[in-house]
Amino acid sequence: MGNVIAVIPAAGVGSRMRANINKQYLLLEGTPIITRTIKALESCPEISNVVLVVGPGEEEFCRSRILEGNGFTKVMAVVPGGDHRQSSVYNGLCALPQDTEMVVIHDGARPLVQPGEISRVVQAAGEIGAAALAVPVKDTIKVVDEQGKVVSTPPRERLWAVQTPQVFRYELIMQAHRMARAAGVLATDDCALVEALGHPVKLVAGSYENLKITTPEDLVLAAALLRRRYNRCE
Ligand SMILES: Nc1ccn([C@@H]2O[C@H](COP(=O)(O)OP(=O)(O)OP(=O)(O)O)[C@@H](O)[C@H]2O)c(=O)n1
Ligand SMILES: C[C@](O)(CO)[C@H](O)COP(=O)(O)O
């Protein structure tokens with residue numbers, strides 16, 4: 001496989017976390033969330049470089065407080081994000097070299113991803129062009145109308161909660177983002193933009209541990225999961 005580059009969108013404001021800083025700089029078991037995420041991606045042997053997308057104006061803070069002295073070797077650029085996750089990812093994509101073959105898009109707010117999981121998604125995307133980590137949903141899901149009245153109950157065995165990494169052939173994800181921008185389409189994940197092109201996307205079964213740190217209780221859960229990992233290693 002040629003050049004595989006990771007883009008980490010980490011430019012959100014973390015409104016649901018209700019912290020007074022970008023939630024990715026919060027400490028998780030003594031280490032910033034974003035540091036853990038970058039380390040996980042750097043440990044994946046298929047990934048040659050990483051592009052980090054941070055809040056506009058946070059670039060210098062990130063270089064001096066997160067990157068320097070941590071021994072990172074693959075971070076090739078730190079770029080400012082946009083108003084939405086989608087525009088932040090697009091800014092990251094625009095920083096990639098033209099000879100990029102595959103792009104691994106992974107939320108900065110998912111620090112518990114395992115390098116082996118990333119490799120499995122890269123392999124699946126190498127086969128069909130687009131793949132993402134996902135888990136079967138545990139709850140029964142309801143579709144509701146504007147008044148909150150239930151419209152339908154889709155069968156649970158066909159429902160998966162998609163996570164990141166989401167991995168794509170470079171040309172495909174560039175085309176998907178350009179088309180979405182031209183049409184004014186805004187999606188909450190990158191697979192949706194590729195699906196809109198009619199291109200198949202393969203889901204790879206992942207782990208419930210790869211949670212997105214979104215609300216304060218996610219931090220408690222992530223810390224407990226990390227402590228369980230340390231205990232298993234001792
Ligand atoms: N304008 C944005 C919005 C989100 N993200 C990133 O996309 C990932 C998933 O988004 P989410 O967890 O929703 O983060 P926030 O948008 O920061 O959270 P909230 O919606 O609660 O404000 C995060 O790593 C976040 O930093 C981004 O790069 N740029
Ligand atoms: C990309 C994602 O993490 C997949 O679960 C998710 O869609 C991000 O959504 P958010 O609205 O930024 O939380």
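Keep in mind that the numbers below use all heavy atoms, side chains included, and drop hydrogens, waters and symmetry copies. All residue numbers in this chain count up from 1 along the given sequence.
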(request) Measure the shortest side-chain to side-chain distance between P216 and M17 over non-hydrogen atoms and say whether it is less than 4.5 angstrom. (result) yes

(message) Checking salt bridge (Lys or Arg N to Asp or Glu O under 4.0 Å) between E29 and each of R229, R227, R36, which is the one that passes?
(response) R227

(message) Between T100 and N3, is there a side-chain donor-acceptor contact under 3.5 Å, judged purely by atom types and distance?
(response) no

(request) For atom CZ of R120, decide whether the heavy atoms of other residues, nucleotides or ligands shown that lie under 6.0 angstrom number more than 12. (result) yes

(request) Tell me, please, whether Y25 has R65 positioned over its six-membered ring: NZ or CZ under 6.0 Å from the ring centre and within 45 degrees of its axis? (result) no

(request) From the options V135, L221, V113, L225, select the one residue that forms a side chain to side chain contact (heavy atoms under 4.5 Å, CB included) with E209. (result) L225

(message) Quick test of your reading of the model: are R85 and D189 salt-bridged, counting only N-O distances below 4.0 Å?
(response) no

(message) Take a 6.0 Å sphere around CD of Q123 and say whether it holds more than 12 heavy atoms from other residues, nucleotides or ligands.
(response) no

(message) Does atom NZ (K202) have a neighbourhood of more than 12 heavy atoms from anything else shown, all under 6.0 Å?
(response) no

(request) Please write out which residues are connected to I141 in a hydrophobic cluster, directly or through intermediates, given that two of Ile, Leu, Val, Met, Phe, Trp, Tyr count as joined at side-chain heavy-atom separations below 4.5 angstrom. (result) V137, L159

(message) So Q86 and H177, do their side chains get closer than 4.5 Å, heavy atoms only?
(response) yes

(message) Looking only at side-chain N and O atoms, does N210 offer a donor or acceptor that is under 3.5 Å from a partner on E117?
(response) no

(message) Looking at R156 and D139, is any side-chain nitrogen of the basic one under 4.0 Å from a carboxylate oxygen of the acidic one?
(response) no

(request) Give a yes or no on whether a salt bridge exists between K39 and E42, defined as a side-chain N under 4.0 angstrom from a carboxylate O. (result) no

(message) More than 12 heavy atoms of other residues, nucleotides or ligands under 6.0 Å from CE of M76: yes or no?
(response) yes

(message) Within the 3.5 Å criterion, strictly below it, is a donor on E217 or T215 matched to an acceptor on the partner's side chain?
(response) yes

